[in-house]
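The structure appears below as structure tokens.
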Amino acid sequence: MNTGKLEQRQAGSMKVRCCIVGGGPAGMMLGYLLGRAGIDVVVLEKHADFFRDFRGDTVHPSTLQVMDELGLIEGFLKLPHQELQKLDGMFGGTSVRIADLSRLRVKYPFIAFMPQWDFLNFLRESGKHFTSLKVLMSTEATDLIRHGDNIAGVRAQSPDGPIDIEADLTVACDGRHSTVRERAGLKVEEIGAPMDVLWFRAGRRQDENENVFARVEPGKMMVTFDRGDYWQCAYVIAKGQYDAVRARGLPALLDDVVRMAPVLKSGIAEVKSFDDVKLLTVAINRLTRWTRPGLLCIGDAAHAMSPVGGVGVNLAVQDAVATANLLAAKLAQGCPPEFELDAVRRRREFPVRVTQRMQVIAQNNIITVALKSGNQPLTVPLPVRLITAMPFLQGITARLVGLGVRPEHVHSPLRNRSVATPVG
């Protein structure tokens, strides 16, 4: 098969070298990298656009480095965003510093806060330069195509009706509720999380500035992100307590919010009903097996992360980079055998396990303690006191948050230099 041109077969079918299910950070980055390598690849995104309430907005130095290696960083940083270097918090009325990214010896020592839909749209627009990459919006994978024991593509529903997409390799990037993973019968190991998150935004005046990132009080926890013209807020509740929060009523919730973060007082009126407050159900899990013959799972489809540290987007990007590094050249000849597909798990499972372990430690020693403390005074945990008191430790935590364990660099080939006709 010609690896430089997508093959459209009879109506309602398509044949490609690789079909990626899911247009999140893992799927769009892998699609870009494979298109760049000249591999026939199609990305399926079930929604008509990338706009989602729950998409993570934190782009860490590890992802900024990847964008730089791809020659995309200049255009990327022209998109509206905010930059954060120091992660400061209030713990029971005591100021703490969790990390200082300015201590990192990297080209981009900050976290960029950018709406994820802007990030994904940027990758899609940049990928239009590659004739071997196609992104199909409003196209939802509904089942797998099987040839014996091999996964041979997906069946999908598109705006024009059902479509069969035959593929040498199918990659599941369709999130923590992955349809592809479920159809493949891959088992998920649940690790658990003690909290859920209420996600909402409050208005912000130009003269309102505050460096506090996280706030922890007896029985309550909240994180606020300065997004320029509004505050993005994450109010943490104990797992399964959403109905109880609603039963108390919206005024009681907003009173708690303003007491914790007085800076929100002027803009909290934008939260008019519980329709403006979205529930994010938190989970930590991972697959015990990431592959079947002809199939690979990466990103949240392989390992759901807690919001702790805001690392989900960046781990997904790292998975995509590792996948392209390991498989792009081999895909030019067809689908590698399952053992070679499993090289992605062998490369990425250790960083995932370490990161999830750190999230569980934070959950057990900070979040659970705070949410269960009731009216008892909170004492800053010893590790947090040490990090606050010793700036060099803030560099270590910054590395864990900003770069992660075993950061990936782009080594996949650049073979597709042809330029497609711009769309729209």
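Nearest heavy-atom pair across Leu186 and Cys297 is CD1-SG, 3.6 Å. Ile165 and Ile145 make their closest contact through O-CD1, 3.9 Å (heavy atoms, listed as atom of the first residue, atom of the second, distance). Nearest heavy-atom pair, His60 versus Gly310, reported as atom, atom and distance to 0.1 Å: NE2-O, 3.2 Å. Across all non-hydrogen atoms, the minimal contact from Leu120 to Gly23 is CD1-O, 3.4 Å. Taking each heavy atom of Ala156 and Thr139 in turn, the nearest pair found is CB-CG2, 3.9 Å. In this structure, Gly228 and Asp226 approach most closely via the heavy-atom pair N-OD1, 2.9 Å.
More than 12 heavy-atom neighbours from other residues, nucleotides or ligands sit within 6.0 angstrom of CD on Glu190. Annotation for Arg292: atom CZ counts as buried by contact number, over 12 foreign heavy atoms lying within 6.0 Å. The environment of CZ in Phe350 is sparse: at most 12 heavy-atom neighbours from other residues, nucleotides or ligands sit within 6.0 Å.
With Glu45 contributing its side chain and His47 its backbone, the two residues share a donor-acceptor pair below 3.5 Å. Arg17 contributes no side-chain N or O that, together with a main-chain N or O of Gln333, makes up a donor-acceptor pair within less than 3.5 Å. Under a 3.5 Å cut-off, the side chain of Asp143 and the backbone N or O of Arg155 do not form any donor-acceptor pair. Remark: the backbone N or O of Ala304 is paired with a side-chain donor or acceptor of Gln356 at under 3.5 angstrom. Side-chain N or O atoms of Gln232 include one that pairs as donor or acceptor with a backbone N or O of Phe200 at under 3.5 Å. Between the Asp68 side chain and the Leu64 main chain, no donor and acceptor come within less than 3.5 Å of each other. Side-chain N or O atoms of Lys220 include none that pairs as donor or acceptor with a backbone N or O of Val236 at under 3.5 Å. Checking side-chain atoms of Asp174 against main-chain N and O of Val180 turns up a donor-acceptor pair under 3.5 Å. The backbone N or O of Trp117 sits less than 3.5 Å from a side-chain atom of Asn121, completing a donor-acceptor pair. Judged by distance alone, with hydrogens and angles left aside, the side-chain atoms of Gln318 form a donor-acceptor pair with the main-chain N or O of Glu408 at under 3.5 Å.
A donor-acceptor pair shorter than 3.5 Å can be found between the side chains of Glu69 and Gln65. Residues Arg246 and Tyr242 have side chains that bring a donor and an acceptor to within less than 3.5 angstrom of each other. In summary, the side chains of Thr281 and Asp196 do not present any donor paired with an acceptor at a separation below 3.5 Å, with no hydrogens or angles considered. Checked by atom type, the side-chain pair Thr224/Arg215 shows a donor-acceptor distance below 3.5 Å. For the residue pair Asp100 / Ser102, a side-chain donor-acceptor distance below 3.5 Å is found, with atom types taken as modelled.
Ionic pairing of Asp229 and Arg204 is not present here: no N-O contact between side-chain nitrogen and carboxylate oxygen is shorter than 4.0 angstrom. Checked for salt-bridge contact, Lys15 and Asp164 miss the test: no charged N lies under 4.0 Å from a carboxylate O. Between Asp57 and Arg227 there is a salt bridge, with a side-chain nitrogen of the basic residue lying less than 4.0 Å from a carboxylate oxygen of the acidic one. Salt-bridge check for Arg289 with Glu338: passed, with a basic side-chain N closer than 4.0 Å to an acidic carboxylate O. Ion pairing between Arg201 and Glu270 fails under the 4.0 Å rule for side-chain N and carboxylate O.
Between Phe50 and Phe119, the gap from one ring centroid to the other reaches at least 6.0 Å.
Between Arg97 and the options Thr388, Thr397, Asp88, a side chain to side chain donor-acceptor pair (under 3.5 Å) holds for only Asp88. Of the residues listed (Arg347, Arg286, Arg345, Arg348), the one engaging Asp319 in a salt bridge (charged side-chain N to carboxylate O under 4.0 Å, His left out) is Arg348, and it is the only one.
Contact annotation: the side chain of Met29 approaches that of Leu70 to within less than 4.5 Å [non-hydrogen atoms, C-beta and beyond]. In this structure, the side chains of Thr291 and Leu295 stay at 4.5 Å or more apart for every pair of heavy atoms. At least one side-chain heavy atom of Leu253 sits under 4.5 Å from a side-chain heavy atom of Leu198. Within the 4.5 Å cutoff, the side chain of Val135 has no heavy atoms near those of the Val42 side chain. Using a 4.5 Å heavy-atom cutoff, the side chains of Arg353 and Glu349 are in contact. Pro115 places none of its side-chain heavy atoms less than 4.5 Å from the side chain of Leu79. Counting only heavy atoms from C-beta outward, the side chains of Thr179 and Thr142 never approach each other to under 4.5 Å. The closest side-chain heavy-atom distance from Met221 to Tyr235 is not below 4.5 Å.
For the side-chain hydrogen bond (donor to acceptor under 3.5 Å, both in side chains) test, no residue two or more places apart in sequence or in another chain qualifies with Lys86.
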Report task. Under the side-chain hydrogen bond (donor to acceptor under 3.5 Å, both in side chains) rule, what do Thr63 and Asn314 come out as? Steps first, then yes or no, please. Result -> CA-CA 6 Å; Thr63 299; Asn314 306 280; 2.7 Å; yes

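Going from atom CD1 of Ile191 over to atom CE of Met305 covers 8.0 Å, rounded to the nearest 0.5 Å. Annotation: the span from Lys134 atom NZ to Cys19 atom SG amounts to 12.5 Å, rounded to 0.5 Å.
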